[in-house]
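Written below as structure tokens is the structure these notes are about.
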Amino acid sequence: MILVLYAAAEGAKVSFNNKCTYTVWPGTLTGDQKPQLSTTGFELGPGASNSVDLPSPWSGRFWARTGCSNNNGRFSCATADCASGQVACNGAGAIPPATLVEITVAANGGQDFYDVSNVDGFNVPMSVTPQGGSGDCKTSSCPKNINSVCPAELQVKGSDGNVIACKSACEAFKEDRYCCTGPNNTAETCPPTNYSQIFEEQCPDAYSYAYDDKSSTFTCSNRPDYAITFCP
């Protein structure tokens with residue numbers, strides 16, 4: 001009986017690999033009011049890797065903060081900051097714009113769901129690849145640097161004037177037609193826009209807006225692990 005209980009609780013190992021030429025500070029957020037993971041944020045230099053274990057079932061998200069520094073004991077980041085004042089996010093999510101990897105681990109080796117999402121905008125290229133498991137189990141990836149084609153009205157610039165992140169149209173304009181809210185809260189009433197198409201053209205495998213499900217949701221069953229890569 002103990003073995004059965006252990007198998008049911010067994011989740012997934014998520015490994016993080018930084019292929020960017022710059023340091024990132026990954027953040028983790030557990031959803032559904034569940035306890036946070038053993039790490040909610042850490043530093044990852046160029047070429048470095050790290051990992052964290054997920055329980056089963058589990059649902060949450062991962063992202064990369066950039067341009068982080070510690071000023072007078074308060075930690076903050078230029079993009080995707082979680083405003084905790086620390087390297088650990090402690091249950092706080094990323095402030096948009098932020099590229100997200102979202103994973104839902106099923107109970108008992110069932111069907112997991114995962115994706116890369118630019119619904120909250122873009123800051124860093126990311127991918128997520130199942131390791132093991134059965135079923136489709138394809139890589140979901142946004143390998144392009146959307147910052148390089150970001151329209152002026154969506155740009156977030158750093159202190160040096162370079163574009164460091166690209167807002168979603170929802171974040172920039174706060175309108176129902178971009179946010180898929182209010183009267184536009186269904187797939188029929190919230191079609192793609194000129195802005196979401198920019199994200200879609202650069203990264204067709206990633207969510208470009210809220211109802212971009214058909215090409216952007218990926219599945220894998222039977223307890224895969226996951227590799228998240230920054231700048232794949």
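Residues: numbered from 1 along the sequence shown.
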| field | Crowding at CG, D160 (>12 non-hydrogen neighbours, <6.0 Å) | value | yes

Side chains of [X] and [Y]: does their closest heavy-atom pair fall under 4.5 Å?
X: M126; Y: S140; result: no
X: I103; Y: V105; result: yes
X: C82; Y: I95; result: no
X: I146; Y: C203; result: yes
X: I228; Y: V14; result: yes
X: F42; Y: W25; result: no
X: E43; Y: T23; result: yes
X: S15; Y: D225; result: no

| Pairing of D120 and R61 as salt bridge, 4.0 angstrom limit |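 Salt bridge present between D120 and R61.
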
| request: Could you walk me through whether T217 and Y114 pass the side chain to side chain donor-acceptor pair (under 3.5 Å) test, one step at a time? | output: CA-CA 6 Å; T217 298; Y114 57 97; over 6 Å; no

Short question: side chain of [X], backbone of [Y] - any donor-acceptor pair under 3.5 Å?
X: T104; Y: G60; value: no
X: T139; Y: S141; value: no
X: N145; Y: N147; value: yes
X: N18; Y: G45; value: yes
X: S196; Y: P192; value: no
X: N184; Y: T189; value: yes
X: N118; Y: F122; value: no
X: N17; Y: G47; value: no
X: T40; Y: A88; value: no
X: N108; Y: G110; value: no

Under 4.5 Å between side-chain heavy atoms, hopping through other hydrophobics if needed: is there a path connecting [X] to [Y]?
X: Y211; Y: F173; result: no
X: V128; Y: L44; result: yes
X: V124; Y: V156; result: no

| said: The test is side chain to side chain contact (heavy atoms under 4.5 Å, CB included); show your working for F113 and E102 and say whether it passes. | reply: CA-CA 8 Å; F113 292 87; E102 301 171 312; over 6 Å; no

Starting at [atom1] of [X], measure out to [atom2] of [Y] and round the result to the nearest 0.5 Å.
X: N222; Y: C137; atom1: CG; atom2: SG; result: 9.0 Å
X: I198; Y: T193; atom1: CD1; atom2: OG1; result: 8.0 Å
X: S134; Y: R223; atom1: OG; atom2: CZ; result: 11.0 Å
X: D212; Y: D115; atom1: CG; atom2: CG; result: 10.0 Å
X: K19; Y: S127; atom1: NZ; atom2: OG; result: 7.5 Å
X: Q202; Y: C166; atom1: CD; atom2: SG; result: 9.5 Å

Nearest heavy-atom pair of [X] and [Y]: which atoms, and what distance?
X: A80; Y: A98; answer: CB-CB, 3.7 Å
X: K138; Y: P130; answer: O-CD, 3.5 Å
X: A172; Y: L154; answer: CB-CD2, 3.5 Å
X: V116; Y: C142; answer: CG1-CB, 3.9 Å
X: W58; Y: P55; answer: CB-O, 3.3 Å
X: P26; Y: R65; answer: O-NH2, 3.1 Å

| field | L100 vs F62, side chain to side chain contact (heavy atoms under 4.5 Å, CB included): CA-CA, chis, key distance, verdict | value | CA-CA 6 Å; L100 302 173; F62 306 91; over 6 Å; no

| field | Distance flag, aromatic centroids of Y195 and Y178, threshold under 6.0 Å | value |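 That pair passes the under 6.0 Å test.
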
| task | May I ask you to check whether Y209 and F199 place their ring centers less than 6.0 Å from one another? | result | no

| query | When you look at S38 and V52, which way does the side chain to side chain contact (heavy atoms under 4.5 Å, CB included) test go after all the steps? | reply | CA-CA 7 Å; S38 59; V52 63; 3.6 Å; yes

| request: Determine, step by step, whether T99 and W63 satisfy the side chain to side chain donor-acceptor pair (under 3.5 Å) criterion, reporting the C-alpha distance in whole Å, the side-chain angles of both residues, the deciding distance to 0.1 Å, and the verdict. | output: CA-CA 6 Å; T99 315; W63 66 95; over 6 Å; no

| field | Check against side chain to side chain donor-acceptor pair (under 3.5 Å), N185 and T181 | value | CA-CA 5 Å; N185 67 346; T181 51; over 6 Å; no

| query | How far apart are the C-alpha atoms of T66 and T79, what are their side-chain angles, what is the distance that settles it, and do they pass the side chain to side chain donor-acceptor pair (under 3.5 Å) test? | reply | CA-CA 5 Å; T66 66; T79 75; 2.5 Å; yes

| task | Decide yes or no on side chain to side chain contact (heavy atoms under 4.5 Å, CB included) for L37 and L54, but give the supporting numbers first. | result | CA-CA 7 Å; L37 300 177; L54 309 183; 3.4 Å; yes

| field | Positive for side chain to side chain contact (heavy atoms under 4.5 Å, CB included) with Y226, one of V101, T129, D112 | value |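 Exactly one pass, corresponding to D112.
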
| SG atoms of C231 and C20 less than 2.5 angstrom apart |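 Taking the criterion (SG atoms under 2.5 Å apart), C20 and C231 satisfy it, so yes.
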
